[in-house]
Amino acid sequence: MNDIANISESFSEGDSSDGQPPSDDSNNRHRPVKTFVIRAGRMTENEKRCYAELGPVYSLPFEHKTLNYTEIFNNTNPVVVEIGFGMGQATAVIASEHPDVNYLGCEVHKPGVGKLLGEIKRCSLSNIYIIEHDALEVLETMVPDDSVEGFHIFFPDPWPKKKHHKRRLMQRPRTNLLEQKLTPGGYLYFATDIQDYAEQALEELSATEGLKNRYEGFAPHQEWRPRTKFEQKGIDAGREIFELVFEKIEE
């Protein structure tokens with residue numbers, strides 16, 4: 001357990017997470033590597049309004065405190081964590097179609113947070129809460145072991161340059177952390193339109209102790225997952241969609 005307790009320290013950073021060249025400060029060479037970069041994005045007036053008005057209601061602060069799902073959702077339904085929900089369209093659809101499941105979304109992109117908050121209000125959803133913070137830190141600090149029914153990881157940043165592959169989410173020991181948080185029998189569902197990332201993820205998940213592939217190789221499309229605008233752009237560009245579904249082995 002201790003080897004993944006501080007997973008962000010397992011990688012050292014040789015270039016800055018904001019895409020700028022690293023400074024000469026030696027401390028920068030030892031900053032934790034992030035799997036994301038916060039990109040500038042203009043918020044619409046509606047997103048700003050939802051962010052300000054609904055954030056205090058449906059967003060949870062990042063704290064060094066273990067989450068109590070029963071207190072948050074006021075029920076004991078299973079909890080699914082989505083890492084990087086983007087603009088939140090698929091998240092809202094899935095949550096509305098599965099009211100007996102609780103969803104916890106982690107995202108650092110403010111326009112996306114504002115957009116999903118608006119969808120929560122529009123659809124009168126009571127089974128979604130948001131944490132606007134690095135998902136790995138949330139998992140390390142706030143999420144209990146053996147407590148997550150599923151992880152949804154849809155089209156994360158592929159970090160296409162080879163020198164940036166260390167930033168990819170789907171690799172050990174990060175996948176070990178995900179396995180640690182899953183309930184026995186819980187699932188991890190990953191989708192990407194980048195073939196080499198898909199192949200790497202398949203290899204890394206297959207080598208992650210405690211996980212097993214639900215299928216032989218890549219999974220067929222899971223029909224309950226709605227298509228996103230980002231996914232459609234990949235399809236329009238002629239890229240194939242790759243999906244993986246792994247489960248935590250029940251002892």
Side-chain angles (χ1 to χ4, degrees), residues 35-36 38-63 65-139 141-144 147-157 169 178 181 183 186-191 222-233:
T35 61
F36 62 90
I38 299 178
R39 296 179 173 86
R42 181 176 297 178
M43 298 179 75
T44 65
E45 290 304 314
N46 184 59
E47 289 165 359
K48 290 178 182 178
R49 183 169 56 254
C50 291
Y51 188 91
E53 295 177 0
L54 303 176
V57 180
Y58 296 106
S59 290
L60 305 173
F62 174 76
E63 300 178 293
K65 176 183 177 181
T66 303
L67 294 171
N68 185 317
Y69 303 135
T70 303
E71 290 182 358
I72 294 168
F73 294 100
N74 198 32
N75 61 53
T76 57
N77 292 339
V79 174
V80 169
V81 175
E82 181 167 3
I83 298 178
F85 55 73
M87 298 306 289
Q89 300 100 322
T91 309
V93 172
I94 292 171
S96 66
E97 293 180 350
H98 299 84
D100 56 344
V101 178
N102 296 323
Y103 294 89
L104 184 63
C106 295
E107 181 56 71
V108 296
H109 186 55
K110 273 186 168 57
V113 173
K115 180 70 171 178
L116 180 55
L117 287 167
E119 288 299 298
I120 291 173
K121 180 179 180 180
R122 186 181 69 83
C123 300
S124 300
L125 300 175
S126 60
N127 59 336
I128 303 180
Y129 279 85
I130 296 169
I131 300 181
E132 189 181 341
H133 196 78
D134 181 349
L136 291 178
E137 291 186 15
V138 171
L139 293 176
T141 307
M142 302 181 70
V143 174
S147 71
V148 177
E149 180 68 22
F151 282 108
H152 294 174
I153 306 168
F154 303 150
F155 304 93
D157 197 325
L169 175 62
L178 299 175
K181 300 302 174 179
T183 61
Y187 68 92
L188 185 158
Y189 180 16
F190 167 77
Q222 308 297 294
E223 294 296 336
W224 55 267
R225 179 178 66 81
R227 181 173 293 173
T228 67
K229 291 182 179 179
F230 184 89
E231 180 180 4
Q232 187 60 53
K233 288 181 180 180

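This structure is a prediction, so every number in the text was calculated from the model and none was measured.
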For M87 and H109, what are the C-alpha separation, side-chain angles and deciding distance, and is it a side-chain contact (heavy atoms from CB on, under 4.5 Å)? CA-CA 8 Å; M87 298 306 289; H109 186 55; 4.1 Å; yes
Determine, step by step, whether Y69 and N102 satisfy the side-chain contact (heavy atoms from CB on, under 4.5 Å) criterion, reporting the C-alpha distance in whole Å, the side-chain angles of both residues, the deciding distance to 0.1 Å, and the verdict. CA-CA 9 Å; Y69 303 135; N102 296 323; 5.6 Å; no
Let me see the working for F151 and K181 under side-chain contact (heavy atoms from CB on, under 4.5 Å), right down to the final yes or no. CA-CA 9 Å; F151 282 108; K181 300 302 174 179; 3.9 Å; yes
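Between the CD1 atom in I128 and the OG1 atom in T91 there is a gap of 6.5 Å [rounded to 0.5 Å]. In this structure, K121 NZ and L54 CG are separated by 5.5 Å, a value rounded to the nearest 0.5 Å. Taking CG of L139 as the start and OG of S147 as the end, the distance is 9.0 Å to the nearest 0.5 Å. Here the OG atom belonging to S59 is positioned 5.0 Å from the CG atom belonging to L117, to the nearest 0.5 angstrom. We find the OH-NZ distance between Y51 and K110 to be 3.5 Å, quoted to the nearest 0.5 Å. Distance check, rounded to the nearest 0.5 Å: CZ of R225 to CD of E231 gives 4.0 Å.
Here the two rings, on F73 and Y129, have centers that are under 6.0 Å apart. Between F154 and F190, the distance from one ring center to the other does not fall under 6.0 angstrom.
In this structure, H152 and W224 have tilted ring planes: the angle between them lies in the 30° to 60° band.
Of the possible polar contacts, none joining the N127 side chain to the Y103 backbone as a donor-acceptor pair under 3.5 Å is found. A donor-acceptor contact shorter than 3.5 Å links the side chain of E107 to the backbone of G86. Not one N or O on the side chain of T141 forms a donor-acceptor pair closer than 3.5 Å with the backbone of V138.
The 12-atom threshold is exceeded at CG of N68, counting heavy atoms of other residues, nucleotides or ligands nearer than 6.0 Å.
Side-chain contact between T76 and T70 is present, with at least one heavy-atom pair separated by less than 4.5 Å. In this structure, V79 and E149 have side chains that are not in contact, with every pair of non-hydrogen atoms separated by 4.5 Å or more. You'll find the side chain of L104 stays beyond 4.5 Å of the side chain of I72, heavy atoms only.
Across all their heavy atoms, A92 and E119 have their closest contact at CB-CB, 3.8 Å. For P144 against L67, the heavy-atom pair with the smallest separation is CG-O, 3.9 Å. The two atoms that bring G114 and C50 nearest to each other are O-CB, 3.5 Å, heavy atoms only. Residue I94 comes nearest to P226 through the heavy atom pair CG1-CD, 3.6 Å, listed as atom of the first residue, atom of the second, then distance. Between L116 and G88, the shortest heavy-atom distance links the atoms CD1-O, 3.6 Å. Nearest heavy atom pair, residue L169 against residue L136, reads CD1-CD2, 3.9 Å.
For R42 and E47, the salt-bridge test fails: no basic side-chain N is under 4.0 Å from an acidic carboxylate O.
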